[in-house]
Amino acid sequence: MLDERKLKVLLAVIDSYIITGEPIGSRTITKFYDLGVSSATIRNEMSDLEDLGYLNKTHTSSGRVPSDKAYRFYVDNFFNNSILQLDLARKDQIKSFLKKEYKEIDQLIDDLAKILAQLTKYTAVALSPQIRETKIKHIQLLPMDENQILAIMVNEAGLIKKSIINTDNNISEENLVYISNYLSKRLKNKTFKELANEIGNGILDDYFEYKNELKRLLPILFDSIDDTEGMKVYAEGITNILEFPEYRDIDKAKEVLSVLEDKEKLISALTNNKLEEIDVKIGEENNHDSMKELSVITATYNSDGEIVGKIGIIGPKRMNYIELIKTIWVFSESITDILNDYFSGNER
């Protein structure tokens, strides 16, 4: 554990480096931070912090910069859930940006990612809700061509999944209405994952007409979700990162842009984070080598109490973690509220 003086010096270095992006020397700390000790003492403390792995010495000057270990110490010791007192004014501001009513959740998430990028000046990323993790609200079967049925599944977040099912026998529209109502009643409030477990467990025992069709139809419904559902990632403000001095070097800028434009790497960065309300990956904690100089802050968002997606920001390790965590928290709470308001039939 760091003693009080080393802690003050470390926090001063982190704070100064976040602001300036320049290596920090003892004279800078002495000039801008009243720590009550001499420049020589601060220099000695910085040397000790370097030996302990909290500071790195740059090749271009005598100054030092925080290490990944320093940022992790900063986040772990100066952030906890108790500081997440929701900024209601900011939350109202976010909702005011959304001028239209949403019928498609993808457009909502895309718009919110754009707003997050604009407000933070970082790259904003978001994962669309995954339908298999959410509860069924309604199933509707409609006749198409002969021996073909259009299955429309709606979850509690308002996300619509459509599948075309081929059948051996023609089923009348009247009977499809009856089957739709039956399925909606029996499967409502079950997740699509649970749907698989219900098949073969007696869910159809009290239904006789078209039982064979239903036994074949339900697995097809479930399989169609696996066949077509993939994680959709939104990335906004990709070029924002070029505004940071860390990326004035052309080669370094090209490298980071290639990462931020790679959807698979972005999905991996988001899904490899813990499924917690707030998660922070700093530098070396990221799985991909190409992201070792970046930090990723993510927050989950919910629908009807179930975690359905993530939103976050990606930027250089030199970021104001505490303020950005608060901002991400407001966005995750806003998405959760909007999902419940727009797509659960509540008044906004």
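Position 1 is the first residue of the sequence; numbering continues from there. Quick caveat, the model's predicted, so the values are computed rather than measured.
With respect to Thr298, the side-chain contact (heavy atoms from CB on, under 4.5 Å) criterion is satisfied by exactly one of Asp279, Ile311, Ile314: Asp279. If you run side chain to side chain donor-acceptor pair (under 3.5 Å) between Ser26 and each of Ser39, Ser47, Ser38, only Ser39 comes through.
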Practice prompt. Begin with the C-alpha distance, continue with both residues' side-chain angles, and end with the deciding distance and a verdict on side chain to side chain contact (heavy atoms under 4.5 Å, CB included) for Glu293 and Val256.
Written response: CA-CA 9 Å; Glu293 294 301 315; Val256 73; over 6 Å; no

Practice prompt. Take Ile297 and Met319 through the side chain to side chain contact (heavy atoms under 4.5 Å, CB included) test and state the conclusion after the steps.
Written response: CA-CA 10 Å; Ile297 303 176; Met319 60 170 62; 3.6 Å; yes

Worksheet item: Is there a side chain to side chain contact (heavy atoms under 4.5 Å, CB included) between Glu246 and Ile241 once you walk through the steps?
Response: CA-CA 9 Å; Glu246 289 91 331; Ile241 204 162; over 6 Å; no

Worksheet entry | Worked check of side chain to side chain contact (heavy atoms under 4.5 Å, CB included) between Leu55 and Leu10 | CA-CA 8 Å; Leu55 298 180; Leu10 178 60; 3.9 Å; yes

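Of all non-hydrogen atoms in Leu35 and Ile42, the two that sit nearest each other are CD1-CD1, 4.2 Å. Nearest heavy atom pair, residue Ser67 against residue Gly53, reads OG-O, 2.6 Å. Closest heavy-atom contact between Arg318 and Tyr71: CA-OH, 3.6 Å. Among all heavy-atom pairs drawn from Ile29 and Val13, the shortest one is CD1-N, 3.9 Å. In plain terms, the two heavy atoms of Val125 and Ile313 that are nearest each other are CG2-N, 4.4 Å. Between Ala253 and Tyr247, the shortest heavy-atom distance links the atoms CB-O, 3.5 Å.
Lys292 places a side-chain N or O within donor-acceptor distance of the main-chain N or O of Glu284, the cut-off being under 3.5 Å. Side chain of Lys317 to backbone of Pro66: no donor-acceptor contact under 3.5 angstrom is found. In this structure, the side chain of Ser295 does not engage the main chain of Pro316 through any donor-acceptor pair within 3.5 Å. In this structure, Thr20 contributes its side chain and Ser16 its backbone to a donor-acceptor pair below 3.5 Å. Side chain of Asn286 to main chain of Leu294: a donor-acceptor pair is present (N/O by atom type, distance under 3.5 Å, no hydrogens or angles). Using a distance-only test at 3.5 Å, with no hydrogens or angles considered, a donor-acceptor pair links the side chain of Asn77 to the main chain of Phe73. Under a 3.5 Å cut-off, the side chain of Ser184 and the backbone N or O of Ser180 do form a donor-acceptor pair.
With sequence neighbours excluded, no residue forms a salt bridge (Lys or Arg N to Asp or Glu O under 4.0 Å) with Arg27.
Residue Asp48 holds its CG atom at 9.0 Å from CG of Asp3, rounded to the nearest 0.5 Å. Here the straight-line distance linking atom CG of Asn302 with atom OG1 of Thr336 works out to 4.5 Å at 0.5 Å rounding. To the nearest 0.5 Å, atoms CD1 (Ile149) and CD (Gln140) are separated by 12.0 Å. For the atom pair CD1 of Ile335 and CG of Leu112, the computed distance is 5.0 Å after rounding to the nearest 0.5 Å. One finds the CE atom of Met291 at 11.5 Å from the CG atom of Asp289 (value rounded to the nearest 0.5 Å). Rounding to the nearest 0.5 angstrom, the gap separating the CD1 atom in Ile18 from the CD1 atom in Ile14 is 6.5 Å.
Proximity of Thr41 to Arg5: side-chain heavy atoms (C-beta onward) are separated by under 4.5 Å at one or more points. Put simply, the side chain of Gln107 reaches to within 4.5 Å of the side chain of Asp110, judged on heavy atoms. A heavy-atom distance below 4.5 Å is found between the side chains of Leu116 and Thr327. Annotation: side chain of Asp68 is not in contact with side chain of Glu285 (no heavy-atom distance under 4.5 Å). Residues Leu49 and Arg64 are not in side-chain contact: their nearest non-hydrogen atoms beyond the backbone lie 4.5 Å or more apart. Proximity of Asp15 to Tyr33: side-chain heavy atoms (C-beta onward) are separated by under 4.5 Å at one or more points.
Cluster annotation: Val330 is connected to Ile322 through the hydrophobic network of ILVMFWY side chains, with a link wherever side-chain heavy atoms come within less than 4.5 Å. Following chains of ILVMFWY side-chain contacts shorter than 4.5 Å, one cannot reach Val177 starting from Leu142, and the two form parts of different hydrophobic clusters. A single hydrophobic cluster is not seen to contain both Phe244 and Ile19; linkage of ILVMFWY side chains at heavy-atom distances under 4.5 Å, directly or through other members, places them apart.
Taking the centre of each ring, Tyr54 and Tyr74 stay at or above the 6.0 Å mark.
At a threshold of 4.0 Å, the pair Lys121-Glu243 does not count as salt-bridged, since none of the basic side-chain nitrogens sits closer than that to a carboxylate oxygen. In summary, Lys326 and Glu323 engage in a salt bridge, as defined by a charged side-chain N under 4.0 Å from a carboxylate O. Electrostatic pairing of Lys57 and Glu50 does not count as a salt bridge here, judged by no charged N lying under 4.0 Å from a carboxylate O.
Counting heavy atoms of neighbouring residues, nucleotides and ligands inside a 6.0 Å radius, atom CG of Asp51 exceeds 12 of them. Around NZ of Lys263, the count of heavy atoms belonging to other residues, nucleotides or ligands within 6.0 Å exceeds 12.
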